[in-house]
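Only one structure is covered here, and it is reproduced in the block below.
Computed from heavy atoms alone, side chains included, the values below leave out hydrogens, waters and symmetry copies. Order of the sequence lines sets the chain letters (A, B, ...), proteins ahead of strands, with each chain counted from 1.
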Amino acid sequence: MNTVLRVIMLRIGQALATAAVLASLCFVFVHALPGDLALRVAAARVGDERVTPETADRIRREEGLDRPLIVQYGQWMGNLAQGDLGRSLLSGKPVKQELAYHASFTLQLGLIGWLLSYLIALPLGIMAGFRPGGVVDRITDALAVTLASLPSFLVGIGLITLFALTLRWLPPAGFRTGAHMVLPAFTLALSLVAFSIPVIRNAVVEVRSAFFMTYARVKGLTPAAAFRHHGVRNAAIPVVTYAALQFAFVIDGFVVIETLFNYPGLGELLVKALIARDVPVIMGAGLVIGFAFAVVSLLADLTRLWLDPRGLEEARA
Amino acid sequence: MTEKLSITRRSALALSASAVAAAALPSQSFAQEAGVLRVASPWEWTSNEPTDTGYIMARMQIAETLVMVEPDGKLVGGIAESWTVSDDRLTWRFKVRAGVVFHDGSPVTAEAAAASLRRSLAGESMQQIPVDSLSTEGDTLVLKTKTPFSHLPAVLVDYASVILAPASWGADGKVSRVIATGPFRITSIDGKTVIELERFDRYWGEKPKVARARYTAIANGDTRTNVAIAGDQDIIFTTVPAATPRIDAAGQMKVESLTIPRVRAMAFNSGLPQFADVRVRRAINMAIDRRGIASAILRHPGSAATQLLPSAVPAWHDAALPAYPFDVAGANALLDQAGWVRGTDGVRAKDGVRLAAKMLTIANRPELTVMGTAMQAQLKAIGMELTVEPGPSAAIPAAIQAGTMQMTMFARTYVNVPEVIATIIPDFTRERSTWGTLNWPGRDRIKALTDEYVQSFDEARKATLRREILKIIQDEVPVAAVAWFEHTVAVNRRVKGLVIDPFETRYMLHKVSLG
Amino acid sequence: MSLVLEPVRARSLPPSVWPLAALAGLALTGPFLAPQDPNAQDLMRVMEAPSIAHLLGTDHVGRDILSRVLAGAPHSLGLAVLCVALASSVGVALGLIAANSGALVRALIMRLADLMLAFPGLLLALLFAGFLGGGIWPMLIGLKLALWPQYARMAEAVATSVLREGHVEAARLAGFPELTILKRHVLPSVLRAVMPLATLGVGQAIMSISALGFLGLGLKPPTPEWGAMINELLPFLAEGFVQMAAPCLMIFVSVLTLTLAGQALASNSTGRAQ
Amino acid sequence: MTEAALTISHLSIHDRSGAALVDDVSLSVPRGGVLTLIGETGSGKSLIAQAVFGLLPAGLSVSGTITIGGHESIPASEPKRLAALWREQIMLIPQEPSAALDPTMRVKRQMALAGLQEEAIKPALAAFDLPGSTADAYPFTLSGGMAQRVLVASALGVGAPIIVADEPTKGLDSDRVTQAIAALKRLSAAGRSLLVITHDRRLAEELPGELAIIRNGRVVEHGPSAGLLSAPQSDYARTWLAADPRHWPRCHRCCDMTSLALSAHGLSFGWPKGGMLFEDLDLHLPKGGVLAISGPSGSGKSTLGDILLGLRRPMAGSVEWGGLDIVAMPSAIPPLRQRYQKLHQDPITAFVPHLTFARQFLALEDVKSGLSAARDLPPLLERLKVNHRLMNRRPCEVSGGEAQRLALARILLLDPVAIVADEPTSRLDPVVQRETMQLLRATVDQQGLGLVLISHDQPLLAAIADEHLALGPRA
């Protein structure tokens, strides 16, 4: 298990480095954008109509945006070393607090949507995989292809129109109760399902056609026992890898769904921070998302190591 | 504050379980909560600073100003019970109302009000006041100006000057908690979108009929429409005009509308060769089918602007002022006369300059983009090429700063404070104003008129000055109003007693009761 | 050069290639098929139901929906193809360079690819799209930057394994120049592997572009982009179901076609590799 | 003759097009005895084993019956009934032992799932010379031979009286083959009835019992093993037995050591983390001579070949191409490059998969000055007995023997001085192997070029090489 520990340490180091580079890239990108940064911050703060060059100048002074970029960057890195991500230029709140608030919502919705998608995809994918070419397989394939061809905003609009506006079963927007989560979670789940069903189905088909499955039956196991003992674990390897990838995809938010459902997630925060040129928030988000991305893939790797001993051998090499 | 800093796996699972449970029950449990007045608008609670989000504090009646305005335009006492001006017109005395307490129970003294006001005066919106000094005398706040400033009480209606308790400010000089005096008190702020309020029982004035209220910011217009159709709020401000029939048809909410002194206008860079000639600006003004735009896009024919401001502000609306007709032939004739000749591509040109412009609009007011595309098609008929570029609002001041602004279209309220002159001055008297004229030679004439207006306490003279200002703007077209604003408010069936304030300073929620 | 094209005109074209060709035709000829000027407004005839004059009705400023849907094809489809073409060529080029280079350059390119994969995709697209002031190029750059790593990774993996194959060694022993080896031996395999991904990628790009259009961050109006059309028509959903359905259906059918073609190409190429 | 443990009667297997892959085969395995089926790749012998288990691939139609032990005859077209007898009556030792083991599960648990008692596992493994640690190992850490012995141990453990071994020696080097044979003999000694399917002559010779030669889905000859091998009756069996390198005529000749195609002195090579593969090695390859290099897997045979071709640098020593040291002077390589060629183990991989042979031969004109494919290729193809129609095919559309000849043709067009052939015939059937090897030897003699022949097949090397260099096992 020493190897595992070493892999974890190495990967966490990599993750931190990646995150720092990402945040730095964000800094470069935001400052490379055309237009007066202070003016954008000012407009976001005092509102479209009140923004004047004087407001921009005041904010430039107050927030130290008139200092050389290298000094601003150096200070940010210095603060980062002490675990301080700075304060939002827009709200004046600590970036850490802003990110934690929005990330918790993204994580909630992401996790629910993601779990929901596997709640839907796993039975369908497995059923399809057990009978390739059968009725279930054809129906799920059509379903997956259809969903893969629908942009999530259309799915969202469809669900809202049906369940919130026509049937009035669920609220059309918001985030405070369980009922509010249903439609956005389903919208997210349906767009994830489109891609996870084929992955699950193919994994099942592949494992079922593997010779060791046949051989397990020759050795005297019933088909069900053979799948339980040998199939599940082997089929889980590609599925877990893909599921982690999908979850990593989910962590940087989903602007369209968040906008449509007025949901205060990271995507929304990022879009607004970008409009407002809220540099500390953008950099903080870059840092956090980069790190989260790396952590999720690390978790996926560890799960894979646990499922598939071959990986451990590779890690050792 | 109820900010969730982390979620555990268990709570997430519990959430998903409750989500499933909720899905199983086609109930109205999510909808109406007894005794809670649910108010939605597009604006988010981005920070606690009055300069930034003071308008939400004022509209939701959390915080109050010294002077307030009634929906009919009359200035009334707020925290200040009454005010007087000295004979030399330089010293104003505001008597702080007795018995007013902040939400934390501390009394509102003249000292506390002055301390709060001093912070506000540093902000840009209050800087037009030529302040000499601010002091207190017992229960009276004394404000001296360097020059006579006749509309000072009106300027003090500005939300940036809401009075907060001294305890509101943290050590870093920022507002850490909003402790104000309004009929509603904040109980929690959930992120930027939801603010929970309760009735403040020690409020000095008319107490609200509802015990609790909730403010929700819904930035996306389509989402507001959906919420209105579902009836998932009690009052929704600023719904998308195009969606009015759908909202009404759904039967949950009814859209009320009121023409307010907010104007969708286009502004020219009069310094550019294509716009320097007043005949070009007039021709453009005549080529635009305002009625068509108003009825087709805004779905309210009455909102087609005939002059800068609607009759909702009678003082600044001159019914006698002739409107520009929609007259494409006349517009073409004007351009021919001005020497603009059509080229092979159908676009006019003069001295090598094409009659073309890039018009910046504000992306988060989507109707502006649609109006812009309509105008684009209409201006083609007079040989003008218009490109519409929606962008963030800051793109307009940025373009002005960078000197790249050609044309803009924006929505501008002229009653940030209930005296239009306060907006006319920054918009029409400067060389480069953000939401008004740019490089317009006529600004000096307006400046002379406004200077006199500000110092004058003679109402008759002021009326004459107003007419002159409006006439110059109408004749010279440095800024052309296209459509007035219909303030649209979707109101739930259960809401009784809602009054809409055309000045948008307060939502008048204290008058609302839930049926 | 004809050698490189070979896998594309493989002998047994999957049947799903024909709808793909139809889609390409639409993207190329769409604007010429439009019966009316897609930007011509008629404020007297807004949100009209389908009629002989306007087969799919009119939008909120009286423009002909059919014309806009057709004229929008090059924007929605063409742009997506362009995005993916740029992303995949940059990705394939970098992947090939990585596969052919020493450990240092390879590590550099592949770590950069990992980094870009971890970069919040949304942030990238938004950084470059919309807020740069709209326009095609920033959007292209943004989407391209977000997409190239997956192509680079695949190209690198395929190229590395092909370079280990006997025929590459045989070609080296026969004295063929490295460039010829790359072109004749490596590139066809790489392209065959990348093609399905790229085809699916075009579908995804159509959705991304329409999502940006839907968020109001896409192309400048009055460009008839499908996502932007949906965004514009959404408030009129009740009165203009047909008008709204037209661009939705176009997006759906295009992405569906591309998804099916991508799947067919993928199974075709893996089927042949065995 | 005792009662049969397994009887196959009138078994026929047809593919979708109706072609017979197995044609009316009737065989039986005597109780406690051994029946070996031997035949070339594609002769249908493995299909027979699959039919016995009801594991034929979908799309094939089957007729005939299978009788197992004292049970009633079961039509081969009813796989479900055959499946009911798995483990209790009949057990399979499959062709690819590694594929039969779940890669994610330790050996111990897989054996337990097969029905072995926990405490019986280690002794069962020990019986086949497997260390106790094997039980806790994952299958991917085992070599092919070890995996196979694990399966044999399991088969012995589960107690099925009939055991079918499909190609038990495929891919094993000669030491391992010896071990596999010993394992099978142990099964037989334990009283199990064995059906062994193989293309390996040695297996057929060493296993007692009966032998059946299969060709094109039919039994060509059938009888007691010893008799059949010493006195084959059918023509095919005779040809086939003669293809054994041990029966080839020896063709040693003296070579002119003054004219060297290739030589090397003091070569050393080792991997950074492993020990040295070889040190201070000298070798000489005269024109017209064949130098054999042999050694067990991992002994560095192929690496040495690459070093001789200038594809890899040695740690020390020199390689001389016509007197020029290419290790010291890499710049000497490009002008001589085409004259030092390699014949690959899997000849199909030497060609670009998606191009026809014609285009690939034509392309050589770009790099070989003076070459005209139209002029030079037809006589060469004729000499190598390659049908010119193959030119319009792609690599996946020819057989292994054809591909190897095409690969040779391709190399010869480049007019080589020396060829390194790395296991050139290890994937070919014996008869084809013999033809190819003879062709290679003839080419060496006629063109006067030097051939380095790398193989682990000692009899083959002995039959064809002039000199022999054996690399030791890895330290």
Side-chain angles (χ1 to χ4, degrees), chain A residues 34-36 39-40 42-56 58 88 90-93 97 100-102 104-105 107-108 111-112 115-116 157 160-161 164-165 167-182 185 259-262 264 268 272 275-277, chain B residues 3-7 9 12-13 15-23 26 28-31 43-44 46-49 51-52 55 124-125 127 174 190-194 216-220 222-223 226-227 229-230 232 250 362 364 392-395 397-398 401 410-413 416 426 434-435:
Chain A
D36 181 0
L39 194 62
R40 296 291 290 262
R45 259 205 208 173
V46 304
D48 298 347
E49 293 184 33
R50 293 213 160 194
V51 63
T52 58
E54 291 78 41
T55 323
R58 173 171 60 89
S88 160
L90 183 56
S91 68
K93 281 191 224 160
Q97 193 183 327
Y101 179 79
H102 290 271
S104 76
F105 281 104
L107 224 56
Q108 265 179 38
L111 209 58
I112 295 173
L115 287 174
L116 199 60
I157 291 171
I160 291 174
T161 309
L165 306 188
L167 296 171
R168 298 190 195 285
W169 287 356
L170 293 160
F175 61 96
R176 302 188 100 208
T177 68
H180 286 109
M181 306 292 277
V182 178
T259 306
L260 208 56
F261 290 98
N262 202 40
E268 253 225 316
K272 300 229 163 89
I275 296 174
R277 299 284 154 83
Chain B
E3 300 194 349
K4 291 197 190 70
L5 293 173
S6 66
I7 57 161
R9 197 180 156 122
L13 286 173
L15 259 168
S16 83
S18 67
V20 171
Q28 292 281 319
S29 61
F30 58 88
W43 320 111
E44 294 195 339
T46 47
S47 80
N48 290 339
E49 297 298 323
T51 44
D52 300 353
Y55 60 96
E124 289 76 21
S125 66
Q127 274 176 353
K174 308 235 181 230
D190 195 355
K192 298 181 174 114
T193 42
V194 179
T216 308
I218 306 176
N220 184 273
D222 296 320
T223 309
N226 289 336
V227 172
I229 291 171
D232 205 18
I362 301 172
N364 61 13
S393 57
Q401 220 173 19
F410 45 76
R412 175 69 160 159
T413 176
N416 253 326
T434 310
W435 308 106

Q: Show your reasoning for whether side chain to side chain contact (heavy atoms under 4.5 Å, CB included) applies to H180(A) and D232(B).
A: CA-CA 11 Å; H180(A) 286 109; D232(B) 205 18; 4.2 Å; yes

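Contact annotation for A173(A): both backbone and side-chain heavy atoms come within less than 4.5 Å of a heavy atom of chain B. Within the 4.5 angstrom heavy-atom criterion, atoms from both the backbone and the side chain of T413(B) approach chain A. Both the backbone and the side chain of L90(A) come within less than 4.5 Å of a heavy atom of chain B. With a threshold of 4.5 angstrom between heavy atoms, T46(B) approaches chain A through its backbone and through its side chain.
Atoms OG1 and CD, on T434(B) and E54(A) in that order, are 8.0 Å from each other to the nearest 0.5 Å. Separating the NE2 atom in H102(A) from the NZ atom in K192(B) is a distance of 3.5 Å, to the nearest 0.5 Å. Taking CG of N262(A) as the reference point, atom CD of E44(B) lies at 7.0 Å (rounded to 0.5 Å). Atom CZ of F261(A) and atom CG of N226(B) lie 8.5 Å apart (nearest 0.5 Å).
Pairing each heavy atom of N416(B) with each of R50(A), the nearest pair is OD1-NH2, 3.6 Å. Minimum interatomic distance between A164(A) and A230(B) (heavy atoms only, all atoms of both residues): O-CB, 4.0 Å. Taking all atoms of both residues into account, the shortest heavy-atom contact from R168(A) to A250(B) is NH2-O, 3.4 Å. Heavy atoms only, all atoms of each residue included: Q401(B) and P53(A) are closest at NE2-CB, 4.2 Å.
The choice from I362(B), V227(B), D222(B) that makes the most heavy-atom pairs within less than 4.5 Å of chain A is V227(B). With respect to chain B, the highest number of heavy-atom pairs below 4.5 Å among P264(A), A43(A), S91(A) belongs to S91(A).
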